[in-house]
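Beneath this line is the structure, given in structure tokens, with notes to follow.
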Amino acid sequence: MSEMTLLTESLRLLLIGMGIVFSFLLLLVGILRLMSWLALRLAPVPQTGPLSPPAADPDGPPIAAIAAAIARYRAGRRR
Amino acid sequence: MSEMTLLTESLRLLLIGMGIVFSFLLLLVGILRLMSWLALRLAPVPQTGPLSPPAADPDGPPIAAIAAAIARYRAGRRR
Amino acid sequence: MSEMTLLTESLRLLLIGMGIVFSFLLLLVGILRLMSWLALRLAPVPQTGPLSPPAADPDGPPIAAIAAAIARYRAGRRR
Amino acid sequence: MDQLLKLWQSMGIANMDLGQVLMMAVGCGLIYLAIAKKFEPLLLVPIGFGALLSNIPVAGIGGPDGMIGMIYTVGVETGIFPLLIFMGVGALTDFGALIARPSTLLLGAAAQFGIFATLIGAVLLNFIPGFEFTLQDASAIAIIGGADGPTAIFLASRLAPDLLGAIAVAAYSYMALVPIIQPPIMRALTTREERRVVMQQLRPVSQLERILFPFVVLLLCALLLPSAAPLIGMLTFGNLLRECGVVERLSRAAQNEIINIVTIMLGLAIGSKLSADNFLALETLGILVLGALAFCIGTACGVLMGKVMHRATGGKVNPLIGAAGVSAVPMAARVVNRVGLEEDHHNFLLMHAMGPNVAGVIGSAVAAGVLLALTGT
Amino acid sequence: MDQLLKLWQSMGIANMDLGQVLMMAVGCGLIYLAIAKKFEPLLLVPIGFGALLSNIPVAGIGGPDGMIGMIYTVGVETGIFPLLIFMGVGALTDFGALIARPSTLLLGAAAQFGIFATLIGAVLLNFIPGFEFTLQDASAIAIIGGADGPTAIFLASRLAPDLLGAIAVAAYSYMALVPIIQPPIMRALTTREERRVVMQQLRPVSQLERILFPFVVLLLCALLLPSAAPLIGMLTFGNLLRECGVVERLSRAAQNEIINIVTIMLGLAIGSKLSADNFLALETLGILVLGALAFCIGTACGVLMGKVMHRATGGKVNPLIGAAGVSAVPMAARVVNRVGLEEDHHNFLLMHAMGPNVAGVIGSAVAAGVLLALTGT
Amino acid sequence: MDQLLKLWQSMGIANMDLGQVLMMAVGCGLIYLAIAKKFEPLLLVPIGFGALLSNIPVAGIGGPDGMIGMIYTVGVETGIFPLLIFMGVGALTDFGALIARPSTLLLGAAAQFGIFATLIGAVLLNFIPGFEFTLQDASAIAIIGGADGPTAIFLASRLAPDLLGAIAVAAYSYMALVPIIQPPIMRALTTREERRVVMQQLRPVSQLERILFPFVVLLLCALLLPSAAPLIGMLTFGNLLRECGVVERLSRAAQNEIINIVTIMLGLAIGSKLSADNFLALETLGILVLGALAFCIGTACGVLMGKVMHRATGGKVNPLIGAAGVSAVPMAARVVNRVGLEEDHHNFLLMHAMGPNVAGVIGSAVAAGVLLALTGT
Ligand code: NA
Ligand code: NA
Ligand code: NA
């Protein structure tokens, strides 16, 4: 392929590609909402309080249990 | 090969072989010394006392061994 | 094979099969008894009481965990 | 326009056929049973997901160039995965109760009648139009009655690979259903007095006995039934690693790393055999019916042999423990324990049922060896 | 004399060419970055050492009969290693933040613009003499913008195996550089007020939602984009193992044993693609430039989409979290947290950024599927 | 009747030949030594059981279609298993004592004389009718003197696969016998005063030195002896994983999961080479005699070099530590420690012997490289 054909081709890829990515994820947004709505119908969440962001600096809470959890998280998060 | 050729051949292997093994390891002695000299220039060792031989039974001071073992055991359970 | 041949064949399999299974396991009963008799001659069991179902939570006792950890640690030193 | 058509044609929705939709539903059903009903989740979750993945149109994940297809070729066609699982089972199993009371091997033998009766059943189905099981097919189906997953997979991968998916699913499903299938049969065949029999405590077993045990079993297998040697060999190898006391590292590897990794791979690979062609067929219905039959007959024969031993020993044996002879370790032994407790709240049969239970594992491996030797090509 | 000549000729020093020396230096450089700068050490240490080993003259360790060459054939050419890593990623990832606020998927979508813009960039480079990227090459390079290692390796091994080494190195290096690359772009595109937005706490997510999530994602992928099914399939499988709660053993195996073993093998195998022929070429320079570009554009688009959502929601969304849409889990989310804290010491954005962050993983797998479907052979 | 005849013919007992019986006895013997005498159980239990399984008649478990035969093809013929074990050895070994006192490398060099002397011995055996060792065979046998299991297996699988079983068994057996073989030689060659020498404490070793060490060793190997690069490469790779401090996960995988799994497989695979054809031959007797010789000569040369260093340093070196130069880590170092303690209850030589001990590992890998380069095809 000449450079120009390649360029047209890649522009088309850009359009179609971003189109699919956005459509896919937009659809997923809808389906996930539907799923959550259904799931909460079927099995309401036991009230354990909202999932909250860590109350202090995420790098260093002092309590041992939290430290262990972080260690676990750190160990866990690397691929 | 006849037995005699084989014998000559193996004697030559002995000479060349031990020659290479000794040259290789002698060279390694030199390079390791150079490496240590360089490494200690770049990053002097924090004084933590010399690496000492274990004071007792080579299977290990029981407290340290147990602590290590427990840590290992705990780590093992998480897998 | 016609259905009938197959049926005869499978009936023969039933007879031979159960015959072998029973002979095999009967023989094994005899040999295991012999084995136990021999083994108890060679190395009488230290009296540790009968094999009982676990008395408590099997995950629990810290002593056992440490013992296991030490065994694991020792095992870990070997290649 | 042309590009869009090509795009549409590459979509799953344009290529999906009804069979794939149904098989994906089957996969979801298996996962549902595994999660919600705790049906052998370690196998059924990977099998179910493997079915989902393999039935995605166009992707070909279960095909010869797909990941799961390659895993199948390497691990299941060669028989290596079920054998490694069997090694892990050996490393996880305590044969002490069997060594202490070897006579319980007879209960394990009797319960294998379920296998051979099912073989006849499968052949009889051929008289109904639409069923055309060969003797190999029938043998592979019959092994469901062995109530032992890896044995069933090993035999099916050798004798009837096309039926592997249905056979594995049936085997694990019925193993999960043991608490439902067995109790009525056990109650029907025993009297209240029999179920109340309190058994003598088991004698202690020495480490030397435990170490010699795998050799004795392997030796007998080598002499009489070499076709069962791969299964019995890996089972006893795993058990030796466990009992010999000097290779703790290897024993742990067999009990954990190897069996866990292989279980994931094996499950996915079996799932790839849940294709519409093979699964959505009359045969599967027959396999499911025969599997249930096999479990029932095996349980009944085990209990009946238990009654024979009850008489022969002057009432020392509680016939309920015969039901554990089907294997399905340790589920069947627990069921025995539960049914025993219903009659007498202080009669714990668990340890006594472990003997026939592990005997059942050996028994079905022996039966698999017989079937391989006499019908294998 | 003859013997000594033969000996000399068998030595590495007599056979080493400049390219190998340079590639060994590159390997050492990667290991230096991994150890001293903590650049993704889990991958870069094995990759660097693999480069060292594979460039040793005469030994042929990376060749068809060498150990690393065989590992490459078995694990990378088949695509199995990156897929197993993806399974581990799924088992390690908590998708809760995404389930609680699905709209963050749009941020993950926007950030993939970096991929497709880079595709154009790679094609434009062809106008410079010396560059001759095919559409497949360009696609494989573009996926660096997905900021996801296994996805990049999977796609490159399928579309442009010759460029695999450079692409993997670029992908992991830029992932490690995220804390340096992203903050200036984030600051330049947002106002102080936008960066100070405090977001609403996330709602709790039920276990049922967590269990259904992998099925929903896989189903959509199966219907619309089967070419992404291997990646999405293994990701969701790993996540199901994690969330279903009944296969703890398998979940641990996927999170630890499998991913650790595969990471070592995969790293060595990728290192064998760092040969002078493939790496010391003008193309590599292009790949490095394009990779940096891809990260910058992806970050910018994520932030811009964050601004759109900021407006659309009447100021409820902090646009910074859009930067996490490139994936690079969890590095990008931490960078967002840090930049947010700079403006307001009490505004913790970490949990809010986890949503777009994991959305980015799905987004780049989808983009990889598109590229495979439209440019794959 | 016909059926029964067929059944009889399928039995092991009808097909067993004397060789198989004897080899199964050999297998049991190895397992006995492993369990009762603690002879390198991690290898000898799987090897012994592999011999048992592979010699079961009819089953063909060690054959090309059997499980163990396939494991052999994949893991041993390719050399991958011993190399992975070497990676684990590297990850488990602390080279600190060697870095602190590099001169102990000379002790590791001297002890390799056992290898080359055995090579002559093997060739001399050819003058006895019945022995027909090629130069490759002799080299593979000689490496037993390296007292390093994976190196011996790697070299034997390349130079003399038929002798692999006997060589591996001899290597591991003599490694287990080190506490019996070495002390008399050590005592005979040293004076009481020499044995009482108290050595200077080792200096501390910095982390940077530990990290640079693998690169230095690998570089020298790459320059001078690329045929040793697979062995030295994996050893140094494992050691770098251990020492670099940023890939703890991978280091643990190399030290545990990988080495444990591979040890099981490798042991079984080696066991399959314990067939009557290969093992019950005059050659095996020769190999066993030569192996013992190799250990004795290696020990003696190590101690003699220790005496040389004792003189050269004005009495600072205890010549006993030369015996540890054969490798057999950490058994030989412990033997040195024990013999030292016999003379002086306060003289702990363990740490001082670790230097020559790990030097022996490198030394025998270098010797293996030489043999491969000069006699390999
Ligand atoms: Na059974
Ligand atoms: Na991404
Ligand atoms: Na050595």
Side-chain angles (χ1 to χ4, degrees), chain A residues 1-59 61 69-70 72-79, chain E residues 42-43 85 88-89 92 96-97 99-100 102-103 105-106 108-109 112-113 115-117 119-120 122-124 126-127 134-135 138-139 149-150 201-209 212-213 216-217 220 224-225 255 259 263 329-330 337 348-352 359 362-363 366-367 370-371 374-375:
Chain A
M1 274 191 275
S2 79
E3 277 86 356
M4 279 316 292
T5 347
L6 216 56
L7 188 59
T8 343
E9 192 64 23
S10 65
L11 279 167
R12 194 152 43 192
L13 261 176
L14 167 71
L15 291 179
I16 297 182
M18 282 310 288
I20 297 180
V21 169
F22 257 102
S23 327
F24 190 99
L25 295 182
L26 259 174
L27 256 171
L28 192 53
V29 172
I31 303 183
L32 283 180
R33 290 219 168 112
L34 186 68
M35 175 198 91
S36 288
W37 181 81
L38 274 172
L40 293 173
R41 289 246 132 173
L42 289 167
V45 192
Q47 276 308 41
T48 51
L51 203 85
S52 59
D57 172 36
D59 275 334
I70 285 174
R72 194 168 300 200
Y73 172 69
R74 293 226 168 109
R77 97 222 161 189
R78 308 315 313 280
R79 298 195 178 162
Chain E
L42 292 177
L43 258 294
I85 301 242
V89 171
L92 285 163
I99 300 171
S103 56
L105 279 165
L106 297 183
Q112 309 314 320
F113 194 82
I115 292 178
F116 294 99
L119 180 65
I120 309 274
V123 169
L124 283 178
N126 278 354
F127 287 97
T134 65
L135 204 58
S139 303
Q201 278 197 338
L202 291 171
R203 68 171 179 86
V205 171
S206 72
Q207 206 206 346
L208 181 57
E209 286 175 276
L212 291 178
F213 175 77
V216 165
V217 176
L220 200 62
L224 299 189
L225 197 61
Q255 288 174 15
I259 205 170
T263 299
V329 184
N337 196 50
F348 294 95
L349 293 170
L350 189 65
M351 286 309 292
H352 303 290
I362 297 176
V366 169
V370 172
L371 293 174
L374 296 183
T375 74

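Letters A, B, ... mirror the listed sequences (proteins, then strands); counts begin at 1.
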Query raised in the report: E/Phe116 and A/Leu14: which non-hydrogen atoms are nearest, and at how many Å?
Result: CB-CD1, 3.2 Å
Report summary line: CG of E/Leu208 to CZ of A/Arg41, rounded to nearest 0.5 Å, is 13.5 Å
Query raised in the report: Is the backbone N or O of E/Leu349 less than 3.5 Å from a side-chain atom of E/Asn337, with the two atoms forming a donor-acceptor pair by type?
Result: yes
**Report entry** Residue E/Ala122 versus chain A: region with a heavy atom under 4.5 Å
**Finding:** neither
Query raised in the report: So what's closer than 4.5 Å to chain A heavy atoms on E/Ala367: side chain, backbone, both or neither?
Result: both
Report task. With a 4.5 Å cut-off on heavy-atom pairs, point out which of A/Ile20, A/Leu28, A/Leu11 contacts chain E the most. Result -> A/Leu28
Report summary line: Interface check, chain A: of E/Val366, E/Val123, E/Leu212, most non-hydrogen pairs under 4.5 Å belong to E/Val123
Query raised in the report: Side chains of A/Arg33 and A/Leu38: does their closest heavy-atom pair fall under 4.5 Å?
Result: no
